[in-house]
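Have a look at the structure below, then the notes.
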Amino acid sequence: MSAPRLSDATLAQAAPALLRPAYDRAAIRIGVVHFGPGAFHRAHQAFYFDHMLQTSPAWGVAAVSLRSPDLAEALLPQDGLYILAEREAAPTYRAIGSLMEMLTAPRAPEAVFAHLTSPDMRIVTSTVTEKGYCLTPAGDLDLAHPDIAHDLARPAIPRSFPGWLVEGLKRRRAAGLAPFITIPCDNLSDNGGRLARAVRQLAQAQGETELASWIAAQAVFASTMVDSITPATDDALRAQVEAATGLFDAWPVQREGFVQWVIEDRLGDLSAAFAAAGVILTSDVAAFERAKLRLLNGAHSTLAYVGLLKGHETVAAAMADPELAGFVETLMAEDIAPTLGAVPGLDTPAYIAAILARFRNPAIAHRLSQIAWDGTQKLPFRILETTADALASGRSVTRLAVPIAAWMRFIERRAAEGAEITDPLAGTLKELKGVDAFLALEQVFPRALVANATWRGAVERAYDALP
Ligand code: CS2
C-alpha cells in the first residue's frame, strides 16, 4: 500500500518522527523571492526562513525557477511542502513550510513581477550557481552571453538572473517603492559585489542611466557565505523519507547536520530576524567567504577530480583513501591556509579539521560527479585565486597544480568515453587534448597565470604523473 502524498491536508497523518511547521501556514505573507530553488536552497535558506516563520508570518518564499518547471510540478500537489532529511548518525526529518509559491519564470512572468513589486517583499535571494551571473573572467557582465543579449533586446520579459533583477528594480522604482535587498547565495567570492556590478552594467547597457544610478545609490547587494553539504536527491532518499514519516514526498532534500549562513551586515531593520534564526551578520564576510571557498570547496574539487581518476565514487570513499586524504589535508594546511591571512573569529586549523570530519560523514553519500560539474566556473574561485596569491608571496604551487591537472585529465577521459560533460563550455572542452590546449581557455585561466613558467611547469608535471 503506498503512503499518502505529503500536503497540508495529510501532514497530520505523518509518523511522530516528522518535525512539522510550528506556525499557521495560512497566515504567511511572501517576504522573499528566491531565484534558483534547487536542492541547496531548499536545504539551506528555505530552512532558515521556515525557522523565521515561527516568530513572524512575513517570511514566506516565492520560489522562481528560471527555466525548468520540475520544481513547480513536484511541489504544487504538495502545497509547497517537502521534507528535509538531516543525515547524521541519527537522522532527522523535517517538513519545511516556507515555500508558498513555485513559479516557472517564462510561464508566469507577471506573477514574478507582482512579487518583486510588492511592498511586503523585502528580500531577493539566489542560488543560480556561478554561471547564472553571466560574467566575463574579468568580472564584467558578459554582453555576448545569449541570455544577456536577449535581455538587451527584450528587457521586459528577461531570461537571465541579472535581467530579472534589473526589470524588477525598474518596476519597483516606477511604483515609488524602495529597492529590495538582494542576498546572493552562490559560491563566488564577493558574490554581492559581483552581482551589483552585473546589474548596474545591464541597466546601463539597456540605456537606463537613471535606473543604474538609483540602483548604485540605493540598492543593497549583501555578500554571503553559505555552507552545508547537500548531496543530490535519489530514490534511496525518497524511500527512506517514506519509511520514516509515512508520507510520500516526490522531491525531498538531504544535507548534513551542519549548516551555516554568514551575511554582510547591511540588512538594516531586518538584521534581528535573521540573527535570531542563527544567521551570522558580519562586516567582514569576505574573509569567511574566502576561507570557505578555498578550503572547503577547493578541497572538494580536488577530491572530486583526483578521486574520480582513482575510481572513487563518493567524498567519503575518497577520504577513505589514505594517500588522497593525506594529500588534501596537506594541501589545505600548507598551501591554502597561508593564503588566507588571519580571519577574525576563525581558528583555521580547527576549521580544517572540522571540514575533513564532515567529508568523512558516513551517513552521507555525496557523489564526486556532482562536485565535478561546472569545473570551468568553479576552479577560478576555488583554486586559481589561491594559486595567484601563493605565487605572489613566493610559495610553492606544486600541490595546487594537481587539481587543475586532474580536471584536465577528467575532461579528456569523459570526452574519450563519449560521456556527457556538464559545463557551460562543454562543447569546447570535449575537443581539448593536452595541457596547452586547456591553458588556452581565456574564460578560465588568467593570462598572467598562464605566463608564469613555475605554475605552468607544475601543471605539466602533475598532468604527466596522473593516470
Ligand atoms: C560542492 C558544494 O558541488 C560542489 O561543488 O563543493 O556544493 C559544497 O558541497 C557546498 O558549497 C558546501 O557548502
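Reckoned from all heavy atoms, side chains included, excluding hydrogens, waters and symmetry mates. When a ligand or atom number is given, it counts from 1 through the structure's own listing order.
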Problem - Per-atom contacts of ligand 1 with Lys378, taking only distances under 4.0 Å to non-hydrogen atoms - result: 3 (O), 4 (C), 5 (O)
Practice task
Identify, by atom number and element, the atoms of ligand 1 in contact range of Ser228, meaning under 4.0 Å from any of its heavy atoms.
Solution key: 12 (C), 13 (O)
Exercise for the section: Give the atoms of ligand 1, by number and element, whose distance to some non-hydrogen atom of His366 is under 4.0 Å. Expected result: 9 (O)
Practice task
Is it possible for you to check whether Arg409 lies under 6.0 Å from the centre of the six-membered ring of Tyr463, through NZ or CZ, and within 45° of that ring's axis?
Solution key: yes
Handout entry: Lys/Arg-Asp/Glu bridge criterion (N-O < 4.0 Å) met for Arg255, Glu86
Key = yes
Can you give the donor-acceptor pairs under 3.5 Å from side chains of residues 223-230 to other protein atoms, not counting sequence neighbours?
{"from": "Ser223", "atom 1": "OG", "to": "Gly192", "atom 2": "N", "distance (Å)": "2.9"}
{"from": "Thr224", "atom 1": "OG1", "to": "Pro184", "atom 2": "O", "distance (Å)": "2.4"}
{"from": "Thr224", "atom 1": "OG1", "to": "Asn191", "atom 2": "ND2", "distance (Å)": "3.3"}
{"from": "Asp227", "atom 1": "OD1", "to": "Arg358", "atom 2": "NH2", "distance (Å)": "3.0"}
{"from": "Asp227", "atom 1": "OD2", "to": "Arg358", "atom 2": "NH1", "distance (Å)": "3.0"}
{"from": "Asp227", "atom 1": "OD2", "to": "Arg358", "atom 2": "NH2", "distance (Å)": "3.3"}
{"from": "Ser228", "atom 1": "OG", "to": "Phe258", "atom 2": "O", "distance (Å)": "2.8"}
{"from": "Thr230", "atom 1": "OG1", "to": "Ser228", "atom 2": "O", "distance (Å)": "3.1"}

Handout entry: For Lys292, atoms of ligand 1 separated by under 4.0 Å from a heavy atom
Key = 10 (C), 11 (O), 12 (C), 13 (O)
Handout entry: Salt-bridge present (Asp464, Arg461; N to O < 4.0 Å)
Key = no
Exercise for the section: Tell me which protein heavy atom sits closest to atom 6 (O) of ligand 1, plus the residue, atom name and distance to 0.1 Å. Expected result: His300 ND1, 2.7 Å
Exercise for the section: Using a strict cut-off of 4.0 Å, indicate which atoms of ligand 1 neighbour a heavy atom of Arg382. Expected result: 1 (C), 4 (C), 5 (O), 6 (O)
Practice task
Give a yes/no on ligand 1: does Gln260 have at least one heavy atom closer than 4.0 angstrom to it?
Solution key: no
Practice task
For Thr386 and Ile336, indicate whether the former's side chain and the latter's backbone hold a donor-acceptor pair under 3.5 Å.
Solution key: no
Handout entry: Enumerated ligand 1 atoms positioned under 4.0 Å from heavy atoms of Ile371
Key = 3 (O), 4 (C), 5 (O), 6 (O)
Practice task
Output the list of atoms in ligand 1 that are nearer than 4.0 Å to some heavy atom of Asp227, sorted by atom number.
Solution key: 12 (C), 13 (O)
Fill in the blank from the handout: A student comparing Leu303, Asn187, Ile355, Leu296 should find that the heavy atom closest to atom 7 (O) of ligand 1 comes from Asn187
Handout entry: ring-ring contact (aromatic ring centres under 6.0 Å, His included) partners of Phe410, counting only residues at least two apart
Key = Tyr305
